[in-house]
Every structure is written in structure tokens, then in C-alpha cells.
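Being a predicted model, the structure only gives us computed values, none of them experimental.
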Amino acid sequence: MEPRSSFEDEIANQTFARRSANYQPSSWDYTSLHTLSNTLKEEVNDRLAEELMQEVRDQINDGIKLQRQLELIEAIDRLGLSSLFHEEIYRVLSVLSLNNCKEVILCGLRSTAICFQLLRRFGFQISEGIFDDFMDGDHNAFLPTLSDDVIGLLSLYNASYMAFPGENKMESARSFAVKHMNRENMQEILPGSIESAIGHALDLPLHRRMPWMEARMYIDMYELEDDMSPPLLHLAKIHFNKVQSIHQKELKHAGSWWRRLDLGKTINFSRDRLMECFFYVVGIVHHPDYGFCREKLTQVGMLIATIDDVYDVYGSLEELELFTQIIDRFLDRRLCNA
């Protein structure tokens, strides 16, 4: 161990008036978090899920109309099930990408917008020119006759957020959709489910929402749709509960780590926000199989929050300089030994 310098001795003997951000204690009881449990019968649900998945696969591959096929894939994605039907989705989208969605355009605005959104969402190339048939001769504005197609406008609005910078047609599409989905401009009273879907989309674009929060909300919305697929809805509920059970176990592990570390008590000026950190991480890494990544990112988040409070709230300038030197020496040694 290196001898302490006179500067370090001087810092150790000084007393400072400590600041406080008055952070409130965590509102979560770690003992209660550790007792989280789920009553799911995993083996039974896994067998049922396999049966339901096969039924949904059959629906996708059963020669249904292209419009219905796209709507089904969109529902699968919004319900958080795209990882279960990866091959089926990519097979359908690959064919559409190769023929530039020529067949889809004939199905109308809604199908075209869904096709554009899905292709961009899953990494396929598609031009904004797919909407040219729905615009005037100069391709500067969308046709006024589309203003009555509220469901198509909703899909167009969602698709507009998949635009790349500089795609003026998609900016025009968003403005056109927002204008005519505004309640004050509507000529008719819409069913509650459609009005709710419009309000939901206008409140926050779909691709900016946390996937599992959106999936939970969309389960309720999808259940009210006229062309809802019962096997798909049942599968979505089973899968959501399974993912929830996975996250509960991960949260228990993270809570045990934090309690063992005991920083919440020894550094009581800092934020104790384990649940919030974990929640943020679930929004970043949402695939069920990446639990190890979620646990480690949660730990990193908690340590960063603690160090941030050391710098922003607690430490004096001299202490922080010394603390930074210690961290730098530690990192240098780690790099030398790597």
C-alpha cells in the first residue's frame, strides 16, 4: 500500500459543511421485493404457448389476404411477440421489399402505411415514394379524399415516425394525419376503441414507448378490435405473464446485490433508486433472454447514480480531486494488468 501524502493527511483532518439534496428514502421495501412470486404453471403454459404459436403461424402462412397478413404482423409486433415469429415475419417482409410493395399499394392507405412502418422497423429498405399514389400530381400534398379514412390516417401517422432525416413526404404525412385526426376536425363520431387508439398515438409515438408497457396496453386495445385473433391474444397474455415473471426474478437478484453492498446505508446522502434503474434498463434491453445484461446494467446504473451524488452533492472540491486521482490510479493499474 502506498504511503499517504501530506495532502491526503490534510484532507483527512479537515471538517466540511456537507450539502444535501434531501433525497427521500426509497419507497420500495427490499424485503417485499425479495418475496416476489408468480403463480404461473410454467410447464402447462409453455405447452399451451407452443400450440397457440402454431395456430398463429398457420394464420400467417395460410394464404390470407395481404392486407390481413400485414395487420396480423403489426399486431404481433405491438404485442411484444415478434421474437417468437422472427422467421415468418422476415419471410413476408422480404417478399414485399423485393417487389417494392406494389401489391400493398392497391390495398389502400392503411396497408401501405403498415407495410412502410414494418419494413423500416425490421431493417428493410423502402422509399417514401411508396406513398406517391396517395398524393397529388406534384407529390407535394396528400389527397383531400383521404381525410375521411381515419384508420388509414392513424397508420400513416405511426409510419411517419419511421422517416429518415430530410424525407419531406413523411413530414407532410404527419402534418396531414394530425390535422385530420384532430377531434375538432372530425366529421363523425368514432367508436371508443378507435378514438382511444388515436389519443394513445398522439400522446406519444409508438416507437418511443417502452416495449413491454406498450404491449400491456395494446393487449387491452387489441381485445376490442373486430378482427382480433383469439389465439394471438391468448398467446400475448401468456407471454407477457412469463416475461413479467422473468423480470421479477431479475429484480430480486438485483435487490439482493444492493442489500449485500449496503451502500444505501453507508452512503445515505445518495439516491437509493434500484427499482427506477431496473425499470429504465428494461426499456433499453427488453428481449427476455438478455437477463444477465439487464442485471449488470442495473448495477452500473446504481453505482453511477451514487458516484454522481458524491460529485454533485456531498464532496468538497479537495476531496473530489483526491477521489478522482484514486479512480485514475485504479484504472491505470487495471489497464496495465489487462
Side-chain angles (χ1 to χ4, degrees), residues 33 36-62 64 68-93 114 117-119 121-123 158 193 196-197 200-201 204-254 275 278-295 297-298:
L33 291 180
L36 285 173
S37 61
N38 198 303
T39 58
L40 292 176
K41 298 180 179 179
E42 294 187 5
E43 293 183 1
V44 175
N45 281 326
D46 286 346
R47 288 198 300 270
L48 178 57
E50 284 295 332
E51 296 173 4
L52 293 170
M53 285 173 59
Q54 188 57 50
E55 291 186 45
V56 175
R57 288 193 188 98
D58 292 341
Q59 289 181 357
I60 297 174
N61 302 323
D62 205 18
I64 58 176
R68 175 58 182 154
Q69 196 175 45
L70 285 169
E71 292 172 354
L72 188 62
I73 293 175
E74 181 194 35
I76 288 172
D77 188 37
R78 290 189 63 181
L79 291 168
L81 302 173
S82 57
S83 62
L84 302 182
F85 300 97
H86 180 87
E87 293 182 6
E88 290 77 13
I89 291 174
Y90 271 79
R91 184 171 62 250
V92 172
L93 296 182
I114 292 175
Q117 181 183 8
L118 289 174
L119 286 171
R121 164 86 170 80
F122 287 94
N158 290 330
S193 59
S196 175
H200 180 68
L204 186 68
L206 297 182
H207 79 288
R208 295 180 183 171
R209 293 180 177 272
M210 290 185 65
W212 291 116
M213 296 293 290
E214 171 62 20
R216 178 61 188 88
M217 187 172 294
Y218 190 61
I219 285 174
D220 293 337
M221 297 172 63
Y222 185 65
E223 195 165 11
L224 300 176
E225 294 186 6
D226 294 334
D227 55 355
M228 175 268 294
S229 166
L232 180 59
L233 178 64
H234 195 177
L235 176 63
K237 292 179 179 180
I238 292 176
H239 189 64
F240 182 87
N241 288 334
K242 181 177 180 179
V243 172
Q244 186 180 57
S245 176
I246 291 172
H247 290 335
Q248 287 175 343
K249 294 176 182 177
E250 293 167 356
L251 184 57
K252 287 167 62 175
H253 294 159
M275 176 64 81
F278 180 76
F279 189 74
Y280 296 152
V281 169
V282 170
I284 299 170
V285 185
H286 60 272
H287 195 289
D289 293 342
Y290 299 154
F292 180 80
C293 181
R294 280 188 292 272
E295 289 187 37
L297 284 179
T298 300

Any heavy-atom pair between the side chains of [Y] and [X] that's under 4.5 Å?
X    : Y    : answer
P288 : W212 : yes
V56  : H234 : no
S245 : H247 : no
D77  : I73  : no
H207 : Q117 : no
L235 : F85  : yes
H86  : F122 : no
N241 : Q244 : yes

If you take all heavy atoms of [X] and [Y], which pair is closest and at what distance?
X    : Y    : result
S229 : Y222 : N-OH, 2.9 Å
A236 : I219 : O-CD1, 4.0 Å
G283 : P211 : O-CD, 4.1 Å
M53  : L84  : CE-O, 3.9 Å
L70  : I114 : O-CG2, 3.8 Å
S83  : H287 : CB-NE2, 3.8 Å

### Task
Please lay out, stage by stage, how K237 and E223 fare under the test side chain to side chain contact (heavy atoms under 4.5 Å, CB included).
CA-CA 11 Å; K237 292 179 179 180; E223 195 165 11; 3.4 Å; yes

Enter the distance from [X]:[atom1] to [Y]:[atom2] here, rounded to the nearest 0.5 Å.
X    : Y    : atom1 : atom2 : value
D289 : R294 : CG    : CZ    : 8.5 Å
L206 : R121 : CG    : CZ    : 10.5 Å
M275 : L251 : CE    : CG    : 4.5 Å
I238 : E50  : CD1   : CD    : 11.0 Å
N45  : L52  : CG    : CG    : 10.0 Å
T298 : H253 : OG1   : NE2   : 12.5 Å

Should we count [atom1] of [X] as having more than 12 external heavy atoms under 6.0 Å?
X    : atom1 : value
M210 : CE    : yes
Y280 : OH    : no
F240 : CZ    : yes

So, does [X] use its side chain to make a donor-acceptor pair with the main chain of [Y] at under 3.5 Å?
X    : Y    : value
E55  : P231 : no
R68  : D227 : yes
R209 : L204 : yes

### Query
Step by step, would you call H200 with E214 a side chain to side chain donor-acceptor pair (under 3.5 Å)?
CA-CA 10 Å; H200 180 68; E214 171 62 20; 2.8 Å; yes

### Message
Is there a salt bridge (charged side-chain N to carboxylate O under 4.0 Å, His left out) between E295 and K252? Walk through the geometry before answering.
### Response
CA-CA 10 Å; E295 289 187 37; K252 287 167 62 175; over 6 Å; no

### M213 and F279: CA distance, side-chain angles, deciding distance, side chain to side chain contact (heavy atoms under 4.5 Å, CB included) verdict
CA-CA 11 Å; M213 296 293 290; F279 189 74; 4.1 Å; yes

### Task
Go through the steps to decide whether E71 and I76 satisfy the test side chain to side chain contact (heavy atoms under 4.5 Å, CB included), and finish with yes or no.
CA-CA 9 Å; E71 292 172 354; I76 288 172; over 6 Å; no

### CA sep, side-chain torsions, deciding dist, call: D46, K242, salt bridge (charged side-chain N to carboxylate O under 4.0 Å, His left out)
CA-CA 9 Å; D46 286 346; K242 181 177 180 179; 3.5 Å; yes

